[in-house]
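Chain A is the first sequence line, chain B the second, and so forth, proteins listed ahead of strands; every chain is numbered from 1.
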There are 2 protein chains.
Amino acid sequence: MKTLKERILKDGRVLDGNILKVDSFINHQVDYKLMDDIGEEIYSRFADCKVDKILTIETSGIPVAYSVARNFDVPFVFAKKTISGNLAGDLYKTKVFSYTKSCQYDVVVSKKYLLKDENVLVVDDFLANGQAALGMIALVEQAGAKVVGVVALIEKAFQDGGKLVKEKGYRFEALASIEKMDYEGIKIKE
Amino acid sequence: MKTLKERILKDGRVLDGNILKVDSFINHQVDYKLMDDIGEEIYSRFADCKVDKILTIETSGIPVAYSVARNFDVPFVFAKKTISGNLAGDLYKTKVFSYTKSCQYDVVVSKKYLLKDENVLVVDDFLANGQAALGMIALVEQAGAKVVGVVALIEKAFQDGGKLVKEKGYRFEALASIEKMDYEGIKIKE
């Protein structure tokens, strides 16, 4: 996606530990116009698919899911990262390891909001080692629903996540694939 | 807001501990159309005000902030609940006590995304005791920015939050004010 790639090159910053900061327009401050365009782009890539629901994981995936849901005219669901007191009842649950935060956490979705045979498009802001995406896939599979595909706005293509999702037999799309990033700059696939 | 009130009466559920569950349409599964309408409603109430930025707090406030930001044609920012490894640099920071989770947590915003003299509209899904809203107000005040107002989709009007926000001299709006809720039902102000 050309506008996203240009924006990453313009405003993204590379920090120690393989961190690409896009917090001025994606995941702390959000440029709603770019997010609107992102929803349209993702819709255009899956317009030929039946999609009943958009699934993401809190927190930064939520604007993405909202924008995509509007384009498909379907609800979106955000999986939660811990079991809060407010999340009573039957849950689908899986464990996800976060390399960014060096900890494992539970990801849960209420059984009411992922239904058997639903066609679910999984979206998130980043995909690096793919742990969050694989966790969401596990939740959809537990529900007996179908993963239509997995979309990340930004893939760290030098890590394994995209490969792991595809090895599970699922379609994976990234709007911007980072081939390389360091203090010299950011290189994005054409 | 009539459609929100009707939806709460239809799909909201009251649980032990003063919990109003609206997770089928607001804060776990999200009805994007209702959220679009909510953005328009909030815009209409503040259309005569200068608004430069929308501020919310992760997680459930994010769809609200996105929808409102689109209507005002401004960016939105979501304050973060802990200091993650990804949030480097100078932060505005305050402490918020969550009665729901019985714990205190830090709320932070990067100093880059709340600027002096900006006009900031604070939005969230719920307001009960008002601690999250007061935390966001504190962040805006630290930045030397101006709170245009505070909006909650759902106010628990039998708790003190709305009063506390108004006592600080700020405009407070709720799209639905719950007067009373128990196993007999939910009563919303006309």
Side-chain angles (χ1 to χ4, degrees), chain A residues 13 15-17 19-25 27-36 39 53-82 84-89 98-102 108-110 112-114 126, chain B residues 13 15-17 19-25 27-36 39 53-82 84-89 98-102 108-110 112-114 126:
Chain A
R13 288 176 307 125
L15 302 189
D16 279 338
I19 291 168
L20 175 61
K21 291 276 280 185
V22 290
D23 67 350
S24 64
F25 57 105
N27 54 17
H28 186 23
Q29 178 169 261
V30 184
D31 177 342
Y32 85 87
K33 279 184 196 161
L34 177 66
M35 203 52 79
D36 281 359
K53 196 162 279 177
I54 311 300
L55 176 66
T56 192
I57 193 166
E58 62 182 14
T59 303
S60 324
I62 295 175
V64 185
Y66 184 1
S67 185
V68 177
R70 175 183 290 111
N71 280 275
F72 278 101
D73 190 16
V74 297
F76 67 97
V77 173
F78 51 95
K80 308 219 171 189
K81 280 186 184 164
T82 48
S84 85
N86 268 3
L87 265 180
S98 166
Y99 288 91
T100 317
K101 300 191 181 179
S102 300
V108 299
V109 168
S110 165
K112 288 183 291 186
Y113 308 131
L114 278 184
F126 272 94
Chain B
R13 288 176 307 125
L15 303 187
D16 280 337
I19 291 168
L20 175 61
K21 291 275 279 184
V22 290
D23 66 350
S24 64
F25 58 105
N27 54 17
H28 186 22
Q29 178 170 260
V30 183
D31 176 344
Y32 85 86
K33 279 183 195 161
L34 177 65
M35 204 52 79
D36 282 359
K53 195 162 280 176
I54 312 300
L55 176 66
T56 191
I57 193 166
E58 62 182 14
T59 303
S60 325
I62 295 175
V64 184
Y66 184 0
S67 185
V68 176
R70 175 184 290 111
N71 279 276
F72 278 101
D73 190 17
V74 298
F76 67 96
V77 173
F78 52 94
K80 308 220 170 188
K81 279 187 184 164
T82 49
S84 86
N86 269 2
L87 266 180
S98 165
Y99 287 91
T100 317
K101 300 191 180 177
S102 300
V108 299
V109 169
S110 165
K112 286 183 292 185
Y113 308 131
L114 278 184
F126 272 94

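With chain A as the partner, the residue from B/Ala79, B/Ser24, B/Gly17 showing the most heavy-atom pairs under 4.5 Å is B/Ser24.
Proximity to chain A is limited to the backbone of B/Val74, based on heavy atoms less than 4.5 angstrom apart. Within the 4.5 angstrom heavy-atom criterion, no atom of A/Ser102 approaches chain B.
With rounding to the nearest 0.5 Å, the separation of CG in B/Asp23 from NZ in A/Lys112 is 5.0 Å. The OG atom of B/Ser67 sits 6.5 Å away from atom CZ of A/Arg70, with the distance rounded to the nearest 0.5 Å. Taking NE2 of B/His28 as the reference point, atom CZ of A/Phe76 lies at 12.0 Å (rounded to 0.5 Å). If you take CG on A/Asp73 and NZ on B/Lys33, they are separated by 4.0 Å, rounding to the nearest 0.5 Å.
A/Asn27 and B/Phe78 get closest at one heavy-atom pair: O-CZ, 3.2 Å.
Inspection of the A/Lys53 and B/Gln29 side chains reveals an N or O donor paired with an N or O acceptor under 3.5 Å.
For the pair B/Val30 and A/Pro75, the minimum side-chain heavy-atom distance is 4.5 Å or more.
Ring pair A/Tyr32/B/Tyr66: centre-to-centre distance not below 6.0 Å.
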